[in-house]
Amino acid sequence: MLTERGVEHTYREYTKEPLDEAELRDVFAKLGCGPRDVLRKRDATKAGLSGEETDDELIALMADNPRLVQRPIGVVGDKAVIGRPAEALLDL
C-alpha cells in the first residue's frame, strides 16, 4: 500500500529481524502505550501466557517471540502507529 502511494519507507521482516527489548520499549514510548496494549491475544494464548505477566516479562517474551506483537507498526521520528487498519500508517 505504501509503495503504491509513493510513500518512501523501509520494511523490516519482524520474524527475521525481531525488535530487541530496547527497540520494543522505544516503539511503545512512541506509540504512547505499554506492551499489553499491542499484545496479540490469540498468539499470547497459544504461548501459554496467563495475563498476569509484568510489562518487563512481556517485553522479554515479545523480543523472543515477535509474533506476540500486533503489526504492522509504522515509525517516523518520535511517532508510531499500529497499522490496523493498514491505512492508519498513512497518518504518520
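Heads up: numbering here begins at 1 and tracks the sequence.
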Under-4.0 Å salt bridge between R25 and D55: no
Side chain to side chain contact (heavy atoms under 4.5 Å, CB included) partner of L61, chosen from L49, D56, V69: L49
Work out which heavy atom in [X] is nearest to a heavy atom in [Y]; give both atom names and the distance.
{"X": "A47", "Y": "L68", "answer": "CB-CD2, 4.2 Å"}
{"X": "D37", "Y": "Q70", "answer": "O-NE2, 3.6 Å"}
{"X": "P66", "Y": "Y14", "answer": "CG-O, 3.5 Å"}
{"X": "E52", "Y": "S50", "answer": "N-OG, 3.0 Å"}

With a sphere of 6.0 Å drawn around CZ of R67, does it hold more than 12 non-hydrogen atoms of other residues, nucleotides or ligands?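 Atom CZ in R67 is not packed in, count stays at 12 or less.
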Between [X] and [Y], is any pair of side-chain heavy atoms under 4.5 Å apart?
{"X": "R12", "Y": "T10", "answer": "no"}
{"X": "L24", "Y": "P35", "answer": "no"}
{"X": "L90", "Y": "M1", "answer": "yes"}
{"X": "I59", "Y": "E21", "answer": "yes"}

For residues 74-89, which side-chain donor-acceptor pairs fall under 3.5 Å, sequence neighbours excluded?
unit_1: R84; atom_1: NE; unit_2: R71; atom_2: O; d: 3.0
unit_1: R84; atom_1: NH2; unit_2: R71; atom_2: O; d: 3.3

Could you check whether E13 and T15, counting side-chain N and O atoms only, form a donor-acceptor pair closer than 3.5 Å?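 Per modelled atom types, T15 and E13 side chains form a pair under 3.5 Å.
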[atom1]-[atom2] distance between [X] and [Y], expressed to the nearest 0.5 angstrom:
{"X": "F28", "Y": "L19", "atom1": "CZ", "atom2": "CG", "result": "8.0 Å"}
{"X": "M62", "Y": "E23", "atom1": "CE", "atom2": "CD", "result": "14.5 Å"}
{"X": "L39", "Y": "T45", "atom1": "CG", "atom2": "OG1", "result": "8.5 Å"}

